[in-house]
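Computed from a predicted model, the values in this text were never measured in an experiment.
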Amino acid sequence: MDMKLDGKVVMISGTGGGQGRAAALAFAREGAYVVGCDVNVEAAEETLELVAAEGGRMISLQPLDLANPLDADRWMQAAIDEFGGIDVLYNNAGALHARGPFRDSTLQQWDATIRDELTIVYVACHAVWEHLISRGGGVIINTASVSGHIEFLPMRSAAHGAAKAGVMGLTRMLAAEGASHGIRAVSLSPGVTRTPATQRFWNGTNEQQAIGASMIAKVPSGRVASPEDIAAAAVFLASDHANYVNATDLLIDGGVRGVSFTNMERE
């Protein structure tokens with residue numbers, strides 16, 4: 001299916017690896033002009049090389065701290081200077097700092113997780129908001145999580161769940177305020193996804209691998225998602241094929257939220 005993204009300017013955060021790298025490649029393959037960013041300079045530059053090797057067009061700013069409004073403004077201006085405007089903002093980047101039982105968590109971990117999973121989304125959206133209004137519309141895609149819907153035990157993080165639920169709330173408000181300006185705002189919620197950040201669940205300690213196996217056992221599809229699974233959904237949400245999809249969250253979780261069963265039932 002042609003996603004009709006030729007010439008669209010798509011800003012994607014966290015393009016240094018995982019879902020962000022997969023998204024940069026996927027959007028570029030659809031003819032979009034990609035404007036990436038990351039805190040990891042080497043990884044972000046590697047993504048630039050991969051996109052260029054496939055004949056795609058991409059620029060990237062690194063290192064970039066999206067919790068800093070000045071950095072977010074600089075990122076937006078780079079897109080305008082290079083490609084003339086912005087059509088899509090895909091807030092992919094995030095970092096989870098608080099893991100484990102609530103009683104063991106700290107305020108410092110809470111603040112860091114809220115900053116790197118919710119505040120950076122707010123700052124990036126705020127940076128492009130007036131531009132999208134003056135441009136006559138656009139699409140904002142924010143990355144939430146299945147953890148914003150349910151607590152996906154045995155993985156625990158109160159801060160992560162709270163931040164991702166906040167992303168969904170922010171997205172709905174952006175959709176409400178943006179509707180009259182032609183702005184669509186949607187979120188997507190990945191389930192268990194194989195990325196550099198989750199590698200510990202597949203090749204870490206025995207305890208970590210046991211947690212990974214337990215999570216996979218809860219997935220009706222019987223496997224974890226790939227970064228490409230998430231990127232394909234983001235491409236669809238950004239396209240004209242999704243122009244009636246607004247103010248909602250798309251779960252990409254292999255059925256976790258919709259189906260509940262025991263291991264015995266699965267077998």
Side-chain angles (χ1 to χ4, degrees), residues 9-30 32-68 70-79 81-83 86 88-99 112-113 115-121 123-124 127-128 141-145 157 160 163-164 167 188 190-204 208 212 224-235 238 252:
V9 181
V10 181
M11 298 175 66
I12 307 172
S13 62
T15 49
Q19 295 173 35
R21 174 173 291 174
L25 287 162
F27 275 97
R29 288 166 187 150
E30 295 292 339
Y33 302 148
V34 178
V35 182
C37 70
D38 207 286
V39 295
N40 188 321
V41 174
E42 184 177 350
E45 291 179 349
E46 184 178 345
T47 300
L48 276 172
E49 294 172 1
L50 291 171
V51 171
E54 293 192 3
R57 291 192 62 183
M58 178 181 179
I59 62 169
S60 184
L61 275 65
Q62 59 274 339
L64 194 83
D65 178 9
L66 281 177
N68 182 342
L70 294 178
D71 270 13
D73 288 342
R74 183 164 61 90
W75 186 38
M76 175 192 69
Q77 194 59 51
D81 291 345
E82 183 72 19
F83 298 121
I86 300 159
V88 179
L89 169 64
Y90 178 16
N91 283 305
N92 160 77
L96 189 160
H97 300 278
R99 300 186 180 95
T113 299
R115 175 191 187 275
D116 285 347
E117 292 198 323
L118 178 57
T119 300
I120 63 172
V121 175
V123 172
V128 305
I141 303 170
N142 294 327
T143 301
S145 169
S157 175
H160 177 61
K164 293 306 188 178
V167 168
L188 54 81
V192 186
T193 306
R194 190 180 292 271
T195 69
T198 61
Q199 282 304 307
R200 65 188 185 281
F201 295 130
W202 328 125
N203 55 23
Q208 289 171 329
V224 299
S226 69
E228 289 73 23
D229 289 327
I230 313 305
V235 168
I252 316 165

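- Every residue two or more places apart in sequence or in another chain that forms a side-chain contact (heavy atoms from CB on, under 4.5 Å) with A79 is listed here: V9, M11, V35, I86.
- Nearest approach of S13 to A93, heavy atoms of both residues: OG-N, 2.9 Å.
- Using a 4.5 Å heavy-atom threshold, the side chains of Y33 and E82 count as separate.
- Considering CG of N40 and CG of L64, their distance stands at 13.0 Å, rounded to 0.5 Å.
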Verdict with reasoning, T193 to I230, per side-chain contact (heavy atoms from CB on, under 4.5 Å): CA-CA 9 Å; T193 306; I230 313 305; 4.1 Å; yes
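- Remark: of the listed residues I120, V121, T113, T119, T113 is the sole one forming a side-chain contact (heavy atoms from CB on, under 4.5 Å) with E117.
- Checked against side chain to side chain donor-acceptor pair (under 3.5 Å), T47 has the following partners two or more places apart in sequence or in another chain: R21.
- The shortest non-hydrogen separation linking I12 to G20 is CG2-O, 4.3 Å.
- The CG atom of D38 sits 5.5 Å away from atom OG1 of T15, with the distance rounded to the nearest 0.5 Å.
- Although no hydrogens or angles enter the test, the distance criterion places no donor-acceptor pair under 3.5 Å between the side chain of D81 and the main chain of A78.
- Residues V167 and L118 approach most closely at N-CD1, 3.6 Å, considering heavy atoms.
- Within the 4.5 Å cutoff, the side chain of N91 has heavy atoms near those of the N142 side chain.
- At least one side-chain heavy atom of L188 sits less than 4.5 Å from a side-chain heavy atom of I141.
- Under the side chain to side chain donor-acceptor pair (under 3.5 Å) criterion, D116 pairs with H97, sequence neighbours left out.
- Applying the side chain to side chain donor-acceptor pair (under 3.5 Å) rule to E54 yields the partners R29; only residues at least two apart in sequence or on another chain are considered.
- Looking at residues two or more places apart in sequence or on another chain, you find a side chain to side chain donor-acceptor pair (under 3.5 Å) between D65 and R115.
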Derivation of the side-chain contact (heavy atoms from CB on, under 4.5 Å) call for V123 and L66: CA-CA 7 Å; V123 172; L66 281 177; 5.6 Å; no
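- When all heavy atoms are compared, the tightest approach of A127 to M76 is O-SD, 2.8 Å.
- Looking at residues two or more places apart in sequence or on another chain, you find a side-chain contact (heavy atoms from CB on, under 4.5 Å) between L48 and M58, S60, Q62.
- Using bins of under 30°, 30° to 60° and over 60° for the plane-to-plane angle, the ring pair Y90/F27 lands in the tilted bin.
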